[in-house]
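Okay, structure first, notes after.
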Amino acid sequence: MRWCGQRFGFRFPRPALVLGVLNVTPDSFSDGGLHRDPGLAVEWAHRLVAEGADLIDVGGESTRPGAEPVEDAEELARVIPVVERLCRELKVPVSIDTRKPSVAERCLDLGVAVVNDIGANREDPAMWRVVARHGSGYVAMHMQGDPGTMQVRPEYRDVVDEVAGFLGNRLERVQECGVTPDQVVLDPGIGFGKSLDHNLSLLAHIDRLRSLARPVLLGVSRKSFLGRVLGVAETERLPGALACSVWAAARGVQLFRTHDVAPTVRALRTLEAVSASLLPAS
Ligand code: HH2
């Protein structure tokens, strides 16, 4: 299996890929305000790459539960100075975490390789046309509702079935707009319109997404469901995130979005060393 676009290409099986998170927002739930100065943001991205990040995922709008939407112009003003420099300076692909076709398009013009679309639940195909036109990578993430209200009593008949069905449907819809399957990665959207039980069920049965025959991306880093499991604040959630990532990697998940690149890379490399010593079942 391949995941590729005009500016990047990865072939699987291969060691798991790690996306380093770079939020240039004032209000992201765990790193809001830390990277608002473009110079510091770029420095941070270089550090994440040195720690082993395979891609850098830049976000200019917080999508934490209860977040208010940000205007296009404001989001562009936040991300463009950083994206411009990262596309020139980094040796790894840059991805843009946005729901807005206008932001995606501008970033792709500057050299961004991947659109990470947490708003893949939309009905308007404008974003998919942008991705098709630029031949970029595309992450389609499941979200029930919108960040403003998504955590108000999320409901599913069968969360694993519904999320898998949604992602399969998006894979078809994007192709209708000219995006090829090779460009697409699928993400169950942990924490996006899901209760604690929904998140845990999705993780427990994450291997069911393999039937979609596309690489799967997981974002658990510092998320509140870990706080509920462990009873700890954001700064103390790394062991929980590593446990989930290793669990998922052992079940075939290939991409991990994280704020904590070095420990995530080390945990995944350890798992891969153990797996490489597995004897075939007799
Ligand atoms: N989670 C967040 C943002 N973008 N993208 C994908 N594909 N998958 C995720 O799970 C995901 C995502 C939320 O994390 P963060 O960026 O740290 O927070 P905020 O939305 O507050 O900026």
Side-chain angles (χ1 to χ4, degrees), residues 3 17-36 41 44-45 48 53-70 74-75 78-79 82 93-100 103-104 112 114-121 127 131 136-148 150-151 163 166-167 170 183-194 198-199 202-203 206 209 214-227 233-235 237-238 240-241 244-245 248 253-261 264:
W3 180 42
L17 293 169
V18 172
L19 279 79
V21 178
L22 179 63
N23 284 319
V24 290
T25 56
D27 56 346
S28 287
F29 78 94
S30 83
D31 57 354
L34 286 181
H35 314 299
R36 284 199 80 189
W44 189 253
L48 296 182
D54 299 288
L55 298 99
I56 295 295
D57 188 37
V58 181
E61 177 187 46
S62 172
T63 48
R64 71 190 186 286
E68 293 288 329
V70 170
E74 172 62 23
E75 192 175 328
R78 291 177 185 175
V79 299
V82 176
V94 177
S95 109
I96 182 72
D97 182 347
T98 187
R99 298 185 277 169
K100 301 186 178 75
V103 175
V112 158
V114 175
V115 176
N116 173 19
D117 182 12
I118 69 131
N121 59 331
M127 181 68 104
V131 171
S136 69
Y138 180 67
V139 180
M141 195 197 79
H142 176 273
M143 167 168 62
Q144 187 178 86
D146 272 309
M150 66 191 178
Q151 290 309 109
V163 168
F166 168 87
L167 294 174
R170 294 299 112 158
Q183 290 170 253
V184 183
V185 155
L186 303 171
D187 181 341
I190 297 295
F192 286 88
K194 285 142 193 129
H198 296 143
N199 289 316
L202 278 167
L203 281 161
I206 196 83
L209 300 183
R214 291 305 307 147
V216 172
L217 186 155
L218 188 74
V220 291
S221 184
R222 302 181 183 175
K223 286 193 177 169
S224 67
F225 82 100
L226 297 171
E234 276 121 45
T235 49
R237 294 175 189 165
L238 177 59
C244 293
S245 298
V253 170
Q254 298 97 333
L255 297 98
F256 297 87
R257 181 182 181 277
T258 181
H259 306 83
D260 301 297
V261 168
T264 304

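Counting starts at 1 for both ligands and their atoms, in listed order.
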Check side chain to side chain contact (heavy atoms under 4.5 Å, CB included) between D57 and all other residues, then give those that pass, not counting sequence neighbours. L19, S95, D97, N116, R257
Can you check whether T98 reaches M127 side chain to side chain, under 4.5 Å on heavy atoms? yes
Starting from atom 9 (C) of ligand 1, which protein heavy atom do you reach first, and at what distance in Å? K223 NZ, 3.5 Å
Can you find an N or O of E61 that's nearer than 3.5 Å to an N or O of ligand 1? no
Should the proximity of D97 to ligand 1, defined as any heavy atom under 4.0 Å, be assigned to the side chain, the backbone, both, or neither? side chain
D27 N/O to ligand 1 N/O under 3.5 Å: no
With a cutoff of 4.0 Å, is R222 in contact with ligand 1, counting heavy atoms of the residue only? no
Closest non-hydrogen atom pair between A41 and V82, with its separation: CB-CG2, 4.0 Å
Min heavy-atom dist T25 to ligand 1 below 4.0 Å: no
F192, any N or O under 3.5 Å of ligand 1 N or O: no
Report yes if some N/O of D187 lies less than 3.5 Å from some N/O of ligand 1; otherwise report no. yes
Give the numbers and elements of all ligand 1 atoms closer than 4.0 Å to a heavy atom of R64. 20 (O), 21 (O)
